[in-house]
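Here's the structure we're looking at; comments come further down.
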Amino acid sequence: MALIEYRDALNQAFAEEIERDPNVVLIGEEVAQYDGAYKVTRGLWKKYGDKRVMDTPISEAAFIGMGVGASMLGLRPVIELMFWSFATVAYDQIINNAGQIRYMSGGLINCPIVIRGPANGGTNVGATHSHTPENWLGAIPGLKVVSAATPYDAKGLMKAAIRDNDPVMFMENTLLYGNRGEVPEEEYIIPLGVADLKREGSDVSLIAHGRAVLTALKAAEILASEHNIQADVLDLRSIRPLDEEAILKTVRKTHRAVLVDENKPFCGVSAQISATIMEQAFDDLDAPVARVCSLDAPAIYSPAVEPLQLPTPERVIEKVLKLA
Amino acid sequence: MALIEYRDALNQAFAEEIERDPNVVLIGEEVAQYDGAYKVTRGLWKKYGDKRVMDTPISEAAFIGMGVGASMLGLRPVIELMFWSFATVAYDQIINNAGQIRYMSGGLINCPIVIRGPANGGTNVGATHSHTPENWLGAIPGLKVVSAATPYDAKGLMKAAIRDNDPVMFMENTLLYGNRGEVPEEEYIIPLGVADLKREGSDVSLIAHGRAVLTALKAAEILASEHNIQADVLDLRSIRPLDEEAILKTVRKTHRAVLVDENKPFCGVSAQISATIMEQAFDDLDAPVARVCSLDAPAIYSPAVEPLQLPTPERVIEKVLKLA
Amino acid sequence: MPKTEVRSTDYANAPINENLSTEERVKLLREMMRIRRFEQVALKFYNAGKMGGFLHLYIGQESIAVGTVSLMGDNDHVITAYRDHGHALAVGMGMNECMAELYGKATGCSKGKGGSMHYFAPDKNYWGGHGIVAGQTPLGLGLAYGIKYKGLKGAALCFLGDGAVNQGVVYESLNMASLFDLPVIYVIENNKYSMGTSLERSSVVDKCLAQRAEAFKVDWALANGEDVYEVRAVTQQALERAYEKSRPTVIEFQTYRYYGHSVADAKHKGGYRKEEEIERYKKQHDPIVIFKNRLLAEKAITEEQFEAIEAEIKAEADESARFAEESPYPTVESIYDDVYFEVDRQTEAGRTGRFFFNN
Amino acid sequence: MPKTEVRSTDYANAPINENLSTEERVKLLREMMRIRRFEQVALKFYNAGKMGGFLHLYIGQESIAVGTVSLMGDNDHVITAYRDHGHALAVGMGMNECMAELYGKATGCSKGKGGSMHYFAPDKNYWGGHGIVAGQTPLGLGLAYGIKYKGLKGAALCFLGDGAVNQGVVYESLNMASLFDLPVIYVIENNKYSMGTSLERSSVVDKCLAQRAEAFKVDWALANGEDVYEVRAVTQQALERAYEKSRPTVIEFQTYRYYGHSVADAKHKGGYRKEEEIERYKKQHDPIVIFKNRLLAEKAITEEQFEAIEAEIKAEADESARFAEESPYPTVESIYDDVYFEVDRQTEAGRTGRFFFNN
Ligand SMILES: Cc1ncc(C[n+]2csc(CCOP(=O)(O)OP(=O)(O)O)c2C)c(N)n1
Ligand SMILES: Cc1ncc(C[n+]2csc(CCOP(=O)(O)OP(=O)(O)O)c2C)c(N)n1
Ligand SMILES: [Mg+2]
Ligand SMILES: [Mg+2]
C-alpha cells in the first residue's frame, strides 16, 4: 500500500470517478487552473480539461445552485467550497434546493451532488473562516453529512459520496490535508453510515469524527500508557446517516463515553450523540456521557490560543479520569 | 388586564420602544405600508412614518446587513423576516456579521439588533417555509435566541430583546399570532434567560419552548385528568441564554423529563437539553430523558398530515406513559 | 447593447406565428383558458377550506406561460417560482394531479408534499415550482449548464417576478450565464407588484428591469405580455440565441395579476392598488379576451367553438376537483418517503446507518 | 448615465489637490510609505513564523487607501475586506496595535481575536476588516443608512475587490442605496485578479466593473488608482454627491498587488500572471515612486527629506515588531470575552441564564 497524503487520496477519488462516469464534474473557485486553494484538485484540470474541472467566479450561491440544477438533469457535480464556512452565502441553495427538492417534488427529482471542502478551526483564520457546519447540515433531513479523518477514509468515503444519489456534504480539514496514510492500489469504497472502531479498548468509549478522532487516539494512548485505561476510539465517519449501532455497541461494552467533537457544544453533533445514548443506552451507563468540544465562543485568531480552543488530548484525558 | 392577541402584544412592544428610544427602527418587507404580512406591525407606519418603519425590497441579505451596519453606529434596528425560513438567503449576514463582529473586533463593536419573524411549521406552506431555526442560531455563540409562547411573554421578551445590546434572534409563530392572552397595562419586561414554569406538577417534567409549550400544557391536562400524572411544564422562553437552573430544578424534582420541541430531533434544541440533563442531573434521573420532536423529514404540505408531523399532545402522553 | 429587435409590430406576422395552423392558434387560446378555469375552481375550493397554505393565482398572466411554453422543444426546460400553476398546465400537466396537490392528496403531482408552490413534472421538462423568491434562478442556470454539458441544443426558461430581481443570486447567475455562454432565458413576469410593493418602491431602473442585464452583456428585451403572439415572437428570438449562440437572454414581460398576491391579501383592492387599475387591466388588457378577439377576427374560431371549449374545460376542471376530493391523503408514514433516494429504494446505501432520528 | 466627469487630466490641478499645503502633500506620501514598510516588516516576521493564518498584502495599492481616506471628515466612515492593513494605517491606526494583532497578541487592535483580516478602530470611523468576500458591502450600506438616519452629512466608503463584485449582495446593496438615496461609496480596488483568477475569467463587463452600477442608476467612475491625486479628485466628487445629494457612487480604481493573493500563493509569479507583468507594474506604475517623483518635481520634498521619512517609518515599523513580540498573548480564559456585551459588563442581562455551554 502506498503512503499518500489526505489531499492526494481525495485527488485519486476524483480522478477515478471522473474516468468512470462522464457525468462527474468538479466545480468551484480555483479548482481548475490553480489546482485548488489547498491543491486537492492538483493536476486534474490539466488532465481532464475545462469540461470536467471548472473554475467559477466568487458566487457560491449561483454555482452551488447551478450544480443542483445540473444534478436534476443527471450530472454529478462535485462542488468545492474553498472553506465550508463560505456555505453561509449559499445557504438557501444548500438547505432548500439541494436539501428539500426531492421531498417537495414527491420524489420526482434527484439531487446527486457532493459539496465538499475544509470544515475546521485551528488554522488561525478567524471566526468567519472556522465554522464546523456538520451539525448545521446534519440537522437537515434530506442532506447527508460525511467527515473523514484519514487518507484511507477520505478516498473511500468520497467515492461513495460521488456515487450516492443524494446530496452529500463532505467535510474535509485543512490540518489533515498533509497527513499521510496507507491507501491501497486497488479500488475500494467505504459506505456512508458505517463508523470505524479505530482503536479497541474496554474501559471507556471515545467517540469522535474528523480531526477529533486523532485527538481521541492521542488521548487513548496516554490513557493506556499513563493511566492504564483502555479506550475504544470510534470514528463516526458519517454524521448522517449515523452508525448508531456502533455507538451503542461500544457504550454497551465500556459503559462510559466521552464525546470528542470540534463542533461547538450547543446543539453540536455531540449533543445529538449524547441524546442518542440517553435514549437508547441509559441503563448501560455507569456514568454520564461527557463531552469535549471546542470552547464555546467564535474562533479566536491568536495562534497561541486557538489550539487550546479545540479539543485537546489533555481535556479528553481530564474528562475520562473524572468519569472513572 | 386586557386580553389581547399575540401579534398585538408584539405591536405594543414596538410602539413603546419606538417612543422610548429614537434609535429604534423597524425594517423589513411589507412591514410599513402593508402593516406586515401577518399584521404584526399594524398601524405603526401610519403613526411613526417612513423613518421609523421602513419597507424594503426582497433583499434579505442586504437589509439585514444594513441593519447590522447601522447598529454599529448605535441604531437599534428591529428587522422582520417575513418567515424566519428566509434567513437562509441572509445567513452570512446573520451568522458572521451580526454573530461574530463583536468578537472579531475584540469587543470594540456592538450589534444591538433584533431579527424577528415567525419560525414554525404547521401552516401548510411546505418545506422551504417551515424551518425552525432556533437550533441553527442557538448553536452560534454571539447570538441570542428567544421564543415566545404567549402574548404576555411575547411583549415582555420583545422589549428586553430591543434593549439588549447583543443581537437577538426572536422566534414568533404564525399559529400563535391570533392567540389571546392577558397583558398588563403597565410596562413590564421579561429578562432573557429566565424560563417560566407554566404549570406545576410533581411526576414528570415537560420542557418546551414556543408553540410546543401549548402542546405540553394540553398533554399535561390530559395526563392529570386521565392518568393522574401531574406534570411540570417548563417554558424555556429563551434558548440562548438558557435557564439551566430551572431545567435542573424541575428534573431534580420529578426525576423524569420529556422534551417537547418543534425542532427536528437531529442536533435540535431538545438534543442540547437532553445532553445538559445528562451532564448535570444524570443521578437524579429515574428514567432516560425522552424527546417528542417534529417528525424527522422536511415539512410536508398536506394539511391533513402536517399537523401530525409536529409534536402532538398524544405523542407527548405516549412518551410520558412509557417513562412511568 | 441594443434592445432585442422585433421587426414587425403586429406579432401575428412574426415568422414564428404566421405559419401557425388554425388548430395551433386555438390551442394557444385553449391553454390560457385552461389555466384560468383551473384556478377559478381552485379558488372556489380554497375558499371552501379544502386547501391549506398559500394559493398564488396566475390569472391575468396566462399569455406568458402559454406563449413561451408553446415554443418548447424536447431539450428545452422550464422552472419558475411559487406562482406556478400556469406554467405547469402549459407544459401539459393534468388538472387532476395539479388539483389533488392543492388538496394535499397522495395523488397530487408532488404526492401532497409540495402544495401550490411546488408543482413538478420532470417528465415534461418542468422543474418546479419554488417558494423562496429567486431561489430558482441558479437552478435555471444549472439546467442550461446541464443541457450544454450534454451537448444538446436547448434552453432553460427560468421565470421570476419583478420583486425577485432584487435577490442578489439573480446577478450572480447572469454573470455566470454570460461568462460561460449558457443557454438560459430569464423571463421576468413584471406584474408591477411584489406583494403590496409597487415596482417603483422596490427597484430602481433606468428603462426597465430587464435592462439590468446589460451590466453583464446579456441581451434583453422588454415586451408586452398581454399578447400571446408577442410573447412567442420575443421568446423565439431568445431561444434562437440560446440554440445558435448558446447565449443567455433576459426578457421582461409586462403583465398584471387580477387577484391578490395570494388569496389572503385583503389590501390588494383599494389598498396598494386602485380598484380602477384592476378594472382597467381586466377590461383592456386581458390576454384571453385579446386573443379570443384576435382569433375571431382571424376567423380561426367562432363564438360557438369558444363556448364549446369553455364547456370542455369547465368539465375538466370540475372533474379535477372531484378527483382531488375523492383521492386519499398521504399516510403519516409517508412523511419519511422521498427524503432520501437510497432509503426509498432500500439500496445497500439506503439500509446502512440511521437516517431519521425520532425515537 | 455618464461616467463621472473629472475635468482636468492633471489631477494635481483638481480643486481638492491644488490647495494642498506642502505638508499635506508630504503626508500623503508618508502614509503610503508607512503602509508599505509596515507590510514589509510584517512579511518578514510572517515568514519567520511569528503569525498564523493569512497575510494579504496591500503593497502596490497604497495610493487608494491613502487618497480616499485623506478626504474623510468626522462623519465619514470606512469599511473594507480582508486586505485591510492599508486602510487601517491610513485612518490613523498605530503600527503597534496593528502588528500586535498579526502576532495574535492581547495588545492587538482586536485583542488578537481578529488577526490580519479583522482590523477594527471604530474610534477612527474604521469598521474593519472582513473576511467573507463582499460580506462587508451591506454593512457599508448600513453605515450610510445610519449616517443619514442621524441627520449627519457624511458618507460611508466601502471597499471591495474585483472578484468580490460577483457576490449577489453587492447588487442588492446597490439597488437599496439608490432606492433609499444612501450616501455610500463603493470603491472597487481592481487589482485584476481574485486569487488566481484574472478579471476576464471571472467577470463579464462592458466597459468596466463600475459600470454595472448603471443597472441601478448609480453614478460611477473608472479611474487610475496609481496616482494619489487622481484618487482624491475622483473620490471627492463622490463624496460631494453623498454630502449634497445623498446619492451613492461606485468608483473603480485600477491598481495592482505586487505579492501573491496571500503570502502562501506560489502561483502568483509566473503562474497565473507573468513575471514581466509584475515587473512592469513595479517599474512603471508604483504609486509611491510616482508620487515621490511628483513631489520632487513640485519641489515639495527633497531626496534627503524622503530618506529621513524612510528612516522614521522604518523605526516605527521595527518598533511595532518589537512591541508585538514583547506583548502578552491573550489568556485562554479570554476566549469567552467579547462574545456578549452584557456578559462582558456583567449587567443584569449578562448574569441571567447560561451563555456558554462547555461543561
Ligand atoms: C427570500 C424570500 N423572501 C420573501 C418571500 C416572501 N414572498 C413571497 S412572494 C413575494 C413577492 C414576490 O413578488 P414578485 O417577484 O413580483 O412575484 P409575483 O408574486 O408578483 O409573481 C414575497 C416577498 C419569499 N418567499 N422568499
Ligand atoms: C464568500 C467567500 N468566498 C471565497 C472566499 C475566499 N477568497 C478570499 S479572497 C478571494 C479573492 C477575492 O479577490 P478580490 O475581490 O479581487 O480581492 P483581492 O484579493 O484582489 O483584494 C477569495 C476567493 C471568501 N473569503 N469568501
Ligand atoms: Mg410581481
Ligand atoms: Mg482582486
Side-chain angles (χ1 to χ4, degrees), chain B residues 29-39 55-63 82-83 85-86 88-90 122-130 264-268 270-271 274 288-309 311 315 319 322, chain C residues 49-54 82 101-106 108 110-118 129-135 161 163-169 194-197 201-204 261 264-267 271-272 328-332 334-340 355-359:
Chain B
E29 291 158 15
E30 310 291 350
V31 295
Q33 299 192 20
Y34 196 79
D35 279 344
Y38 292 99
K39 307 299 164 210
D55 280 328
T56 67
I58 310 174
S59 305
E60 284 87 355
F63 70 72
M82 196 181 283
F83 285 70
S85 284
F86 306 155
T88 54
V89 299
T123 59
N124 322 134
V125 285
T128 56
H129 281 55
S130 305
K264 306 272 154 63
F266 197 94
C267 294
S270 64
S274 179
V289 173
R291 302 195 277 159
V292 177
C293 303
S294 288
L295 299 184
D296 197 15
I300 194 168
Y301 158 68
S302 184
V305 184
E306 199 198 3
L308 302 171
Q309 188 168 10
R315 277 169 56 210
K319 278 280 183 218
K322 266 196 198 144
Chain C
K50 295 287 182 187
M51 305 164 191
F54 297 129
Y82 45 85
E101 188 60 32
L102 299 180
Y103 276 68
K105 297 297 179 84
S110 307
K111 299 191 192 158
K113 291 189 159 162
S116 163
M117 303 197 286
H118 305 113
H130 292 269
I132 298 295
V133 164
V165 293
N166 294 318
Q167 283 284 350
V169 78
S194 52
M195 290 194 63
T197 302
R201 292 208 302 120
S202 73
S203 307
V204 179
H261 167 69
D265 174 6
K267 291 221 165 184
Y272 59 83
Y329 283 111
T331 61
V332 175
S334 75
I335 283 178
Y336 294 110
D337 296 339
D338 308 312
V339 184
Y340 293 105
F355 290 82
F356 304 109
F357 292 87
N358 294 99
N359 225 23

(message) A quick test of your reading: do over 12 heavy atoms of other residues, nucleotides or ligands sit less than 6.0 Å from NZ of B:Lys39?
(response) yes
Top contributor to chain C interface from [options] [non-hydrogen pairs under 4.5 Å]:
options	result
B:Val292, B:Ile300, B:Ile58	B:Ile58
B:Leu295, B:Val125, B:Val305	B:Leu295
B:His129, B:Glu60, B:Glu306	B:His129

Heavy-atom cut-off 4.5 Å, strictly under: side chain, backbone, both or neither for [X] against chain B?
X	result
C:Val133	side chain
C:Asp265	both
C:Met117	side chain
C:Ser203	neither
C:Tyr340	neither
C:Phe355	backbone
C:Phe356	both

Drop me the distance from [X]'s [atom1] to [Y]'s [atom2], to the nearest 0.5 angstrom.
X	Y	atom1	atom2	result
C:Glu101	B:Ser302	CD	OG	8.5 Å
B:Cys267	C:Phe357	SG	CZ	9.0 Å
B:Asp55	C:Thr197	CG	OG1	5.0 Å
C:Ile335	B:Leu308	CD1	CG	7.0 Å

(request) Can you sort out the partners of B:Glu29 under side-chain hydrogen bond (donor to acceptor under 3.5 Å, both in side chains), two or more places apart, ordered by chain and number? (result)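 With neighbours one apart ignored, the set is empty.
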With a 3.5 Å distance limit and no angle check, can you tell me whether [X] reaches the backbone of [Y] through a side-chain donor-acceptor pair?
X	Y	result
B:Tyr301	C:Gly52	yes
C:Ser202	B:Pro57	no
B:Glu30	C:Gly196	yes

(request) Considering non-hydrogen atoms only, spot the tightest contact between C:Gly104 and B:Pro303 and give its length. (result)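 In this case the closest contact between C:Gly104 and B:Pro303 is CA-CD, 4.0 Å.
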(request) Would you please say whether a donor-acceptor pair under 3.5 Å links the side chains of C:Gln167 and B:Ser59? (result) no
(request) Let me know if B:Ala271 has heavy atoms under 4.5 Å from chain C in its side chain, its backbone, both or neither. (result) neither
(request) Counting only heavy atoms closer than 4.5 Å, note whether B:Lys264 contacts chain C via side chain, backbone, both or neither. (result)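 No part of it gets close to chain C.
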(message) Can you classify the ring geometry of C:Tyr272 versus B:Tyr34 as parallel (below 30°), tilted (30 to 60°) or perpendicular (above 60°)?
(response)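 It falls in the tilted class, 30° to 60°.
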(message) With heavy-atom distances below 4.5 Å as the criterion, would you say the side chains of B:Pro265 and C:Asn359 are in contact?
(response) no
(request) Find out whether C:Val169 and B:Val89 are in side-chain contact, i.e. whether some heavy atom of one side chain is under 4.5 Å from a heavy atom of the other. (result) no
(message) Holding to side chain to side chain contact (heavy atoms under 4.5 Å, CB included), I want the full list of residues that pass it with C:Asp337, two or more places apart in sequence or in another chain.
(response)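 Per chain and number, C:Asp337 pairs via side chain to side chain contact (heavy atoms under 4.5 Å, CB included) with C:Lys113, C:Ser334, C:Asp344.
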